[in-house]
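The sequence lines fix the lettering, A, B, ..., with proteins before strands; numbering per chain opens at 1.
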Number of protein chains: 2
Amino acid sequence: MSTTPSARAPRRDATENREAILAAAKIVLNRDPKAPLEAIAAASGLSRRSIYAHFANRDDLLRELVSLGALRVASALDTVTHPDPLTRLALIASRLWHEVESVRVMAVLAVRGPLASDTGTALRSVRSSVREAISDGRADGSIRQDVPVDLLARLVEGAALGVLEEAARTPLPAEEGHRLVILMTLGAVGLGWREAGNFIDERPDLQWKDAD
Amino acid sequence: MSTTPSARAPRRDATENREAILAAAKIVLNRDPKAPLEAIAAASGLSRRSIYAHFANRDDLLRELVSLGALRVASALDTVTHPDPLTRLALIASRLWHEVESVRVMAVLAVRGPLASDTGTALRSVRSSVREAISDGRADGSIRQDVPVDLLARLVEGAALGVLEEAARTPLPAEEGHRLVILMTLGAVGLGWREAGNFIDERPDLQWKDAD
DNA sequence: AATAACTTTCACAACACTGTGCAAGTTATT
DNA sequence: AATAACTTGCACAGTGTTGTGAAAGTTATT
């Protein structure tokens, strides 16, 4: 008679396997988002049947995967704080790229596809800080005023996603993508290309840093 | 013993039906791109079985639909000629919007989805004239020089598509979309927002004109 | 009015995949 | 070594769709 009603604790390898499945799914689905469970199972070293021991169904696995990713992204972006709205936006773009470039296909899918609403929930804070940066920038004149804030926020997101999509199709080097996503974000909010380029060059925080 | 080996000519209603199917597909698939043939059949007033009298299979229908659309777009855009590269780009964006805004979902799908290569073939001339405009604009200094021409061409396409995608999700008014797609295109090639806005305002060809 | 062209209806095979049941195996934990 | 936790393999039902076949009906064309 110990603490819990269950006679024994869950085995350690079980949780390891669970993560193996998620890891495999991340890789496999990033290559082909509608790969059958069989493929994921194979990549994880387990049988298809075993997946059902960890996830109720395919959708469950997908949702878990995406929302874990979204949470990771959100927590990485939530620490971005900077008085200048443009810099804030640029930093968000930059970190976003950093977080997501290794799972480009899935990332696009997570935001566009049918899981978009789950992703949306997890990224609510990010979206609202983009919106806020835009509306701040509008106020201080650093951001375009010819497009409504909300619409612009979505277009900015679209611009960043555009780079991501391009990067999902062709193997754009990570460093190039980094600069590009910032350039396009700044472009979307209204900066000219020289302005945007200088903006980046003048700010050390916006330079490319290789992975840890 | 007349001219052709076939004893009689194809019936007129047959070709009408064929077009009814295409028309129905256009509407139905634009609402749900993976709607079953049954749905298209219903919308066209025919039976599912009859579709197979006109198209070998689903893919065939899809391809026909998309490539007809692409041809229409291509022929509408091929008439765009203007000495100034920026204006040329803006005109392309503007006409593009005009041609596809009523089939936003399908348009996005045609360019992104698995039919992309067919679409690509039909739109080759468009793509190359975008590329040319960009490279001309680079030469005369009106377009950004910090991004390689080919990459920029794809990003410009992405920018336009971004507006289209936004427009596919939310019911963006046609007129607003018109201006937006030009603004974003010009933004992508490096113009600042005021520059882009003025650019449009100064040119009568770039103003919104309601449907015929 | 005759005839070929076209459509319909119903039935059915095929496919690719999901999700479940169960018996037999393997492995971590105690 | 005992036991619960986990995995496996196989079989199978279910689903939603595509594509075909064939007989019977309808309609444009001559």
Side-chain angles (χ1 to χ4, degrees), chain A residues 1-25 28-66 106 109 113-115 118, chain B residues 1-25 28-66 106 109 113-115 118:
Chain A
M1 299 112 187
S2 56
T3 45
T4 39
S6 61
R8 204 177 280 190
R11 265 162 55 170
R12 191 165 35 77
D13 62 338
T15 59
E16 274 165 15
N17 285 337
R18 191 171 206 277
E19 279 163 33
I21 293 171
L22 285 169
V28 171
L29 294 178
N30 200 51
R31 204 168 341 107
D32 170 16
K34 28 189 211 177
L37 289 188
E38 186 65 50
I40 297 170
S44 72
L46 297 189
S47 69
R48 183 176 72 93
R49 190 63 184 79
S50 294
I51 291 185
Y52 289 98
H54 295 281
F55 303 92
N57 49 44
R58 184 198 176 87
D59 230 58
D60 225 58
L61 168 55
L62 261 283
R63 262 204 307 279
E64 174 102 18
L65 186 63
V66 164
M106 273 305 282
L109 203 110
L115 305 91
D118 299 73
Chain B
M1 293 107 187
S2 56
T3 45
T4 39
S6 62
R8 204 177 281 189
R11 267 162 53 171
R12 191 165 35 78
D13 63 337
T15 59
E16 275 166 14
N17 284 337
R18 190 172 206 275
E19 278 164 34
I21 294 171
L22 284 169
V28 171
L29 294 178
N30 200 49
R31 206 168 340 105
D32 169 16
K34 28 188 216 180
L37 288 189
E38 187 64 50
I40 296 170
S44 71
L46 297 188
S47 69
R48 182 176 73 92
R49 190 64 182 81
S50 294
I51 292 186
Y52 289 99
H54 295 280
F55 303 92
N57 50 44
R58 184 199 177 85
D59 230 58
D60 225 56
L61 168 55
L62 260 283
R63 262 203 308 277
E64 175 102 18
L65 186 64
V66 164
M106 274 303 282
L109 203 109
L115 305 92
D118 300 73

Nucleotide D/dC6, atom C1' - distance to CZ of A/Phe55 in whole Å: 15 Å

Interatomic distance where OH belongs to A/Tyr52 and C1' belongs to D/dA11 [whole Å]: 15 Å

Side chain to side chain contact (heavy atoms under 4.5 Å, CB included) between B/Arg18 and B/Glu64, worked out: CA-CA 11 Å; B/Arg18 190 172 206 275; B/Glu64 175 102 18; 3.4 Å; yes

Approximate separation, where rounding is to 0.5 Å, of B/Leu37 CG and B/Ser50 OG: 12.0 Å

Flag, side chain of B/Asn57 to backbone of B/Asp60, donor-acceptor distance under 3.5 Å: yes

Strand DNA chain C in bracket notation, Watson-Crick/G-U under 3.5 Å with | for pairs to another chain: ||||||||||||||||||||||||||||||

Atom-to-atom span, CG of A/Leu46 to C1' of C/dT26 - whole angstrom: 13 Å

Interatomic distance, A/Glu38 CD vs D/dG9 C1' [rounded to whole Å]: 11 Å

Contact list for DNA chain C against residues 11-24 of chain A - heavy-atom distance below 4.0 Å: A/Arg11, A/Arg12, A/Asp13

Which residue lies more 5' along DNA chain C, comparing A/Leu37 with A/Arg49 via nearest heavy atoms: A/Leu37

Point-to-point distance, once rounded to the nearest 0.5 Å, from CG of B/Leu61 to CG of B/Leu29: 7.0 Å

Base D/dG19 to side chain B/Arg48, donor-acceptor N/O within 3.5 Å cut-off: yes

Nucleotide D/dT18, atom C1' - distance to CG of B/Leu62 in whole Å: 13 Å

Euclidean distance, B/Ile51 CD1 relative to B/Arg48 CZ, rounded to 0.5 Å: 8.5 Å

Pairwise side-chain contact, B/Leu62 with B/Asp118, heavy-atom cut-off 4.5 Å (strictly under): no

Residue A/His54, side-chain heavy atoms: nucleotide from D/dG19, D/dT7, C/dT18 that is nearest: D/dT7

Integer-rounded Å distance: C/dA16 P and A/Arg58 CZ: 15 Å

Closest to the B/Ser47 side chain, choosing from C/dT9, D/dT7, D/dG19: C/dT9

Full working for side chain to side chain contact (heavy atoms under 4.5 Å, CB included) between A/Val66 and A/Leu109: CA-CA 9 Å; A/Val66 164; A/Leu109 203 110; over 6 Å; no

Closest heavy-atom pair and its distance - A/Ala41, A/Ser47: CB-C, 3.6 Å

Atom-to-atom span, CG of A/Asp60 to P of C/dG19 - whole angstrom: 9 Å

Length of the CD1-C1' vector between A/Ile51 and C/dC17, whole Å: 13 Å

Straight-line distance of B/Asn17 CG to B/Leu46 CG, nearest 0.5 Å: 4.5 Å

